[in-house]
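Keep in mind the model is a prediction, meaning the values are calculated, not measured. Atoms considered below: every heavy atom in the structure, side chains included; atoms not considered: hydrogens, waters and symmetry mates. Chain A is the first sequence line, chain B the second, and so forth, proteins listed ahead of strands; every chain is numbered from 1.
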Number of protein chains: 2
Amino acid sequence: MNIQSRSQKSPRTDEEVIRSCGLFRGLDDTQRAVLTSMAVRKRFKQGTPIFVQEEACPGLFVVDHGLVRVFRLAPNGQQHVLHLCGPGQTFAEVAAIGGFALPACADAAQPAGCVMIPTDRLQQELALNHQLCRQLLTGMAFWVRHFVQLLEDIALRDAMGRVTRLLYDSPCDASGRIQLPGAKKDLANHLNLTSETFSRVLRRLAEQGVIEFDQDRSVHVIDAQQLEQLSGQSQNTDQ
Amino acid sequence: MNIQSRSQKSPRTDEEVIRSCGLFRGLDDTQRAVLTSMAVRKRFKQGTPIFVQEEACPGLFVVDHGLVRVFRLAPNGQQHVLHLCGPGQTFAEVAAIGGFALPACADAAQPAGCVMIPTDRLQQELALNHQLCRQLLTGMAFWVRHFVQLLEDIALRDAMGRVTRLLYDSPCDASGRIQLPGAKKDLANHLNLTSETFSRVLRRLAEQGVIEFDQDRSVHVIDAQQLEQLSGQSQNTDQ
DNA sequence: CGCCGGATTGATCCGGATCAAGTCATGTGG
DNA sequence: CCACATGACTTGATCCGGATCAATCCGGCG
């Protein structure tokens, strides 16, 4: 369980935000500086839409603080949460880099601040800058791998497996306390579960003494070993 | 999810194979020539493993003919078919480009011939060739979008929806005949269904007069319109 | 021929969705 | 300050889609 590294200090410089982000981890100082120079600040109040799918992509977003919900809207109104992006995560990267329309919608699940790199300037730079291309290519490859992972999770894990994996992968402080990002219903949806099921699974874990609830939205991990075990396998071994 | 792409013309030149492939569609002649020059031919008998996950990636594969099954193996032995790659499709691209270990296994579902671009030579070239990087970056972005699509399919469609979508997206000849690539059990698994369910869904479609079975593995689409309708929505409308 | 693996079909089971209350915690307006 | 509305969350009862188990069929192929 990752010990959380980044502090939630709100006012960071654009450069700090860009450095903190996974997709850009491969970049050297020069390339980061290039991106920083074209960055634009954006703020969103809770609940405001950031963009809707099928639109042209305004740019590549990096979350500074808050929480952004990226979700896909089906013709019949159903939605599936693709990501919940916290500080240091990017969204709309793919459309911005590939230069096509947005494949998903986004809104602010909590008040959020982002750094945006406008599509046109990014494209311009990519046309000129070999190193940037190369390093982003690697970042992108990791991104694909992440999706394969996600796909696998949803395809061959049951509810218990998905929840424990979420907990296991979530950052926690030194005392093993995890702050759940976002509303439970959004987390549940991201795991392709209903909030009811999510609730029940957490209760089962609590009954088995693996976790404890604190107030608000934080979870205390009691038996990290069992949690790992549960998250490791894909189908029920249960109780 | 265009599984099968075109005629099974077996003896194509390396250049033709590379040109036929989606990931490289963005490349201009120059870049294609570069890739062609480093290509290596590979053949696999049905059932032979091509590689296993966690190994170092030997290269980027493009299928010339036959069918390759790319699947992820869970610790407990379960497997999930990520792709069935027919002619013109690539696999192991991500690991070859990103330079990390293989995230999945592959074997030949049918006797298959591939063109392989060795990892080291590809990496070498990427380090030098700006245009190649740039064009691959775009190709990669499309690839991610494809996965998002796949994820959505599995997350919010029922069995009927997934099967009809598979049929709807599959290439057919002028008379509306679709040649199913690969064994039904593999197709079913790719859709995250059992072969039993797959079978039943096809029968229901036949009973409703939407499709007809021919011999062997081909399906005749009778009512393309209804097929489109069914594949368009995500959850059951029907009786 | 007999064997074997894929495909079909039927019977049954189960995980998780759905439906329906009920509980809090937070507004909001009188 | 209270009455009331709202929305996230919990909990229980029920339902259903698809998995699982099992029997059979079928088409190669030794």
Participant: A/Lys185 NZ to C/dA17 P: how many Å, rounded?
Facilitator: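 After rounding, the reported distance stands at 16 Å.
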Participant: Do A/Arg165's NZ or CZ and the ring of A/Tyr168 fall within the cation-pi criteria of under 6.0 Å and 45°?
Facilitator: no
Participant: How many whole angstroms separate atom CG of B/Leu202 from atom P of C/dT8?
Facilitator: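 Result: 7 Å.
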Participant: When only distance counts, do a donor and an acceptor, one from the side chain of A/Arg200 and one from the base of C/dT18, lie under 3.5 Å apart?
Facilitator: yes
Participant: Does A/Thr194 place a side-chain N or O at less than 4.0 Å from the phosphate oxygens OP1/OP2 of C/dA17?
Facilitator: yes
Participant: Could you state the atom-to-atom distance from CG of A/Leu187 to C1' of D/dC9 in whole Å?
Facilitator: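 Rounded to whole Å, this separation is 13 Å.
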Participant: Taking the side chain of A/Ala183 as heavy atoms from C-beta outward, which of D/dG18, C/dG16, D/dC9 is closest to it?
Facilitator: D/dC9
Participant: What is the separation between atom CZ on A/Arg157 and atom P on D/dA19, rounded to the nearest whole Å?
Facilitator: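 Interatomic distance, CZ of A/Arg157 to P of D/dA19: 19 Å.
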Participant: Under 4.0 Å from OP1 or OP2 of D/dT11: is there any side-chain N or O of A/Arg203 that close?
Facilitator: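 For D/dT11, OP1/OP2 do have a side-chain N/O of A/Arg203 under 4.0 Å.
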Participant: Taking only the side-chain heavy atoms of A/Ser195 (C-beta and beyond), determine which of C/dG10, D/dT10, C/dG16 contains the nearest atom.
Facilitator: D/dT10
Participant: Is the positively charged end of A/Arg19 above the ring of A/Phe24, judged by distance under 6.0 angstrom from the centroid and angle within 45° of the axis?
Facilitator: no
Participant: Given the side-chain rings of A/Phe147 and A/His83, with only the six-membered ring counted for Trp, is the space between their centroids under 6.0 Å?
Facilitator: yes
Participant: Kindly state whether the ring of A/Phe61 and the ring of A/Phe51 have centres lying under 6.0 angstrom apart.
Facilitator: yes
Participant: Touch check for B/Asn192, heavy atoms < 4.0 angstrom, all strands: base, sugar-phosphate only, or nothing?
Facilitator: sugar-phosphate
Participant: Counting distance only, does the side-chain N/O of A/Gln46 pair as donor-acceptor with the main-chain N or O of A/Ala109 below 3.5 Å?
Facilitator: yes
Participant: Establish, with yes or no, whether the OP1 or OP2 oxygen of D/dA19 is under 4.0 angstrom from a side-chain nitrogen or oxygen of B/Thr197.
Facilitator: yes
Participant: Strictly below 4.0 Å: does B/Arg204 bring a side-chain N or O up to OP1 or OP2 of D/dG17?
Facilitator: no
Participant: Whole angstroms only, please: what is the CG-P distance between B/Leu156 and C/dG16?
Facilitator: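 It is 17 Å, rounded to the nearest whole Å.
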Participant: In whole angstroms, how far is the P atom of D/dT10 from the CD atom of A/Glu196?
Facilitator: 10 Å
Participant: Rounded to whole angstrom units, what separation is found between the CG atom of A/Leu193 and the P atom of D/dT10?
Facilitator: 14 Å
Participant: Please report the distance, rounded to the nearest Å, between NZ in B/Lys184 and P in C/dT8.
Facilitator: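 One finds 3 Å between P of C/dT8 and NZ of B/Lys184, rounded.
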